[in-house]
Amino acid sequence: MNKTILVVDDDKGVRMSASFVLSREGYCITEADSPVEALNMLGQNQIDLVLLDMNYSQDTTSGREGLEFLQTMNRQHADIPVVIMTAWPSVDVAVEAMKIGAKDFVEKPWKNPRLLQVVKQQLQVGSLLKENKKLQQQNRVLQGTDILICESDVMKQVFTKINRVAMTDASVLLTGENGTGKSSIAKYIHSHSPRREQGLITVNMGAIPESLFESELFGHEKGAFTDSKNERVGRFELADKGTLFLDEVSEMPVEQQAKVLRVLEGGEFERVGSSVTQCADVRLISASNQDFAELIQQKRFRQDLYYRLNTVVIRIPALRERGEDIIPLAEYFIQKHSQRYGRKDIVLTQEATLKLREYSWPGNVRELSHVIERAILFCEESKVSADHILIDTISEPAQLEVQPLDEVERRLVKQAMIKAGGNTAEAASLLDISTSAMYRRLEKYKIKAK
C-alpha cells in the first residue's frame, strides 16, 4: 500500500514542486496551505508523514505557527513523523523544531536526493512507531484479560506451549471443558502471530444450520439459490492472510467435512453458484470439548480432517485443576465488574475466599466470572462475604433429589434456559453440551427457546 505524505506550505509553487518529486517515487500526495488546514486533513485522512514549512506570516523567520503545529502534533498525532522545510536563515527555528518533536529537516531549496532520503527514512520510523503503538495497545488489552492469570504450574506450562506455537503458522487444536477460556486463548495466539495485522475470523460450527454451511464458510454468488439476492463473502475468504477460528469444530456435519478438508489441504474453494476457484491462505485454530477418538470411532468425525486440525494440541485445564488461580481470577473479576457497575474498593472476606476455593467450578472460569458479578451486585458494602457467593444449583446436580434420569435432565435444561434468558447457545454452555445437542433436548422436553 502506497504511503501518503501531507505537504504543508503556503507557497503553491513549493507544494507543487515537492508533490512532483515525491509522486514520481510512488507516494500519494495531499496538500494543505496552512497548519489549520493540515490539522483538519489529519483528522479525516490516513497520513503517514507530514512535510511542513515553518513560516506562515510576514515575519518569515520566527516559525511560530509551525512550532505551534508541532506541539499539537505531539499531543494528537505523535506516531506520525514530521519533516520540516526551512530556508537557511531559519536554522535556529529548525533546531527548536527538532527539540519539540520534528524528526528531521531539509533546507530550501532542497536537493531531490536529500529530500527523498529523509522521507524514506522517516516513513520507516513512522511504521515502527505505529507498530510499537499497536503492540502496546494489544499488550494492555491482553494484560487486562483473565487468560494471563496463571499462578498454577499447570497453567504456566500451558502458556509456555501457547507462546511457542503462536509465532508459527501451525494449526492448533484447543481442547478442554466449556468455560475454560479456549476462545480467549485463540485470540491471544492470533495477536501474537505473524498474521496479527490481518483479521481473526471466528465461526461457531455448532450454530450453523447445515443448509447454510457452504454459504457461511465459502460464500455464494447472487442468485445461487432462493433468496440469495446479493453475493456473500464466506469466512475462509474473509480470513485470507489471517486466522480462522473454528469454535465447536466437532459439531461440523459429517457430510461437509470433506469440503473443509479440501480447503485446508489445497487452500482452494468455490463460492456456491460459481465455477471460479478461489484461494485462501489461512492459519487455523480450532476448539472443542469433545473426545475426538470417540467421535472418529462413531464415524461422526473424519480422521483425516482431525489430523489436519491437530498439528499442535493444547488442552486447557479445568479450573478445579488449577486451584492456585481461583483467587487471583476472582480478584481480577472483582476489578472488572466493579468498574462496570461503578463500585470501588471491593474486597473478598476470608470466608468468601474459602468458599471459592472449596467449590469444584464445573462451569470453570466463565462460571467464576458470573458468580463474582452477582456478588458485586448484591454486596451492599465494600466486602464480598460468603453469603454473596451464590452458587447455582444447576452447577451441583448431585444436590437434586433422587428421581428418574429424564426428569433430572429436563429440570437441568429448563433451569439453564431460565438462567440464560432463553438464549439456547448460552444455556448449552452452562450445561457443557453443544448447541445442537441443546436443541435436541429442547425438542425432546418441549421447552421453548427465545
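The CD atom of E151 sits 9.5 Å away from the CG atom of L329 when rounded to the nearest 0.5 Å. Distance CD1/I201 to CG/L246: 11.5 Å, rounded to 0.5 Å. Annotation: the span from N204 atom CG to S183 atom OG amounts to 8.5 Å, rounded to 0.5 Å. Rounded to the nearest 0.5 angstrom, K103 NZ and L70 CG are separated by 10.5 Å. The distance from the CD1 atom of I326 to the CG atom of L319 is 4.5 Å, given to the nearest 0.5 Å. Here the CZ atom belonging to R315 is positioned 10.5 Å from the NZ atom belonging to K182, to the nearest 0.5 angstrom.
Counting heavy-atom neighbours within 6.0 Å of M98 CE, excluding the residue itself, gives a total above 12. Heavy atoms from other residues, nucleotides or ligands lying under 6.0 Å from CZ of R164 number 12 at most.
What you find for L116 and V21 is that their closest heavy atoms are CD2-CG1, 4.0 Å. Nearest heavy-atom pair across V384 and A375 is CG1-CB, 3.7 Å. The heavy-atom pair separating T435 from G206 by the smallest distance is CB-O, 3.7 Å. Scanning all heavy atoms of the two residues, the minimum distance from P194 to T168 falls at CD-O, 4.2 Å. L348 approaches A330 most closely through the heavy-atom pair CD1-CB, 4.1 Å. Minimum interatomic distance between G26 and N2 (heavy atoms only, all atoms of both residues): O-CG, 3.2 Å.
Not a single side-chain hydrogen bond (donor to acceptor under 3.5 Å, both in side chains) links S34 to another residue, sequence neighbours left out.
Here the two rings, on F292 and F301, have centers that are under 6.0 Å apart.
With contacts defined as side-chain heavy-atom distances shorter than 4.5 Å, the pair K12/D33 does not qualify. A heavy-atom distance below 4.5 Å is not found between the side chains of M41 and I47. Contact of the Q339 side chain with the Q335 side chain is not registered, since no non-hydrogen atoms from C-beta on lie closer than 4.5 Å. Between Q121 and V83 there is no side-chain heavy-atom pair separated by less than 4.5 Å. Considering only heavy atoms from C-beta on, W361 comes within 4.5 Å of E367 through its side chain. In this structure, T243 and Q198 have side chains that are not in contact, with every pair of non-hydrogen atoms separated by 4.5 Å or more. Between I162 and I189, the closest side-chain pair of non-hydrogen atoms falls below 4.5 Å. Counting heavy atoms from C-beta on, the side chains of L442 and M417 come closer than 4.5 Å.
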Are K108 and D53 close enough, and set up right, to give a side chain to side chain contact (heavy atoms under 4.5 Å, CB included), and what steps lead you there? CA-CA 10 Å; K108 295 179 181 177; D53 181 49; 2.9 Å; yes
So R114 and D104, side chain to side chain contact (heavy atoms under 4.5 Å, CB included) or not? Walk me through it. CA-CA 11 Å; R114 163 67 178 169; D104 209 333; 3.3 Å; yes
Intermediate values then yes/no, side chain to side chain contact (heavy atoms under 4.5 Å, CB included), Y332 and I372: CA-CA 10 Å; Y332 161 73; I372 295 299; over 6 Å; no
Check against side chain to side chain contact (heavy atoms under 4.5 Å, CB included), Y27 and D48: CA-CA 10 Å; Y27 298 120; D48 298 295; over 6 Å; no
Quick one, K3 with S127, criterion side chain to side chain donor-acceptor pair (under 3.5 Å). Give me CA distance, side-chain angles, the key distance, then yes/no. CA-CA 10 Å; K3 299 291 186 180; S127 295; 3.2 Å; yes
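A donor-acceptor pair under 3.5 Å is absent between the side-chain atoms of R343 and the main chain of S338, judged by distance alone. A donor-acceptor contact shorter than 3.5 Å is absent between the side chain of Q122 and the backbone of P81. Formation of a donor-acceptor pair under 3.5 Å by the D281 side chain with backbone atoms of G267 is not found in this model. Panel note: side chain D247, backbone T202; no donor-acceptor pair is recorded below 3.5 Å. At least one donor-acceptor pair under 3.5 Å links the side chain of S193 to the backbone N or O of H190. Without hydrogens or angle criteria, E237 side chain to V233 main chain gives no donor-acceptor distance under 3.5 Å. Looking at Q257, its side chain does come within 3.5 Å of a backbone N or O of M252 through a donor-acceptor pair. With hydrogens and angles disregarded, a donor-acceptor distance shorter than 3.5 Å links the side chain of D9 to the backbone of D11. Between the side chain of N289 and the backbone N or O of G176, no donor-acceptor pair lies under 3.5 Å. A donor-acceptor pair is defined here as one N or O able to donate and one able to accept, closer than 3.5 Å; no such pair exists between the side chain of S274 and the backbone of E270.
A salt bridge between K120 and E25 is absent, with no side-chain N of the basic residue lying under 4.0 Å from a carboxylate O of the acidic one.
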Contacts under 3.5 angstrom, residues 152-160 side chains, donor-acceptor by atom type, not counting sequence neighbours:
from, atom 1, to, atom 2, distance (Å)
S152, OG, M155, N, 3.4
S152, OG, D325, OD2, 2.7
T160, OG1, K156, O, 3.0

Could you list the donor-acceptor pairs under 3.5 angstrom formed by side chains in residues 212-219, with sequence neighbours left out?
from, atom 1, to, atom 2, distance (Å)
E214, OE2, K259, NZ, 2.7
S215, OG, H220, ND1, 2.6
E216, OE1, R232, NH2, 3.0
E216, OE2, R232, NH2, 3.2
E216, OE2, R235, NE, 3.1
E216, OE2, R235, NH2, 2.6

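Between H337 and Y341, the angle of the ring planes lies from 30° to 60°, which puts this pair in the tilted group.
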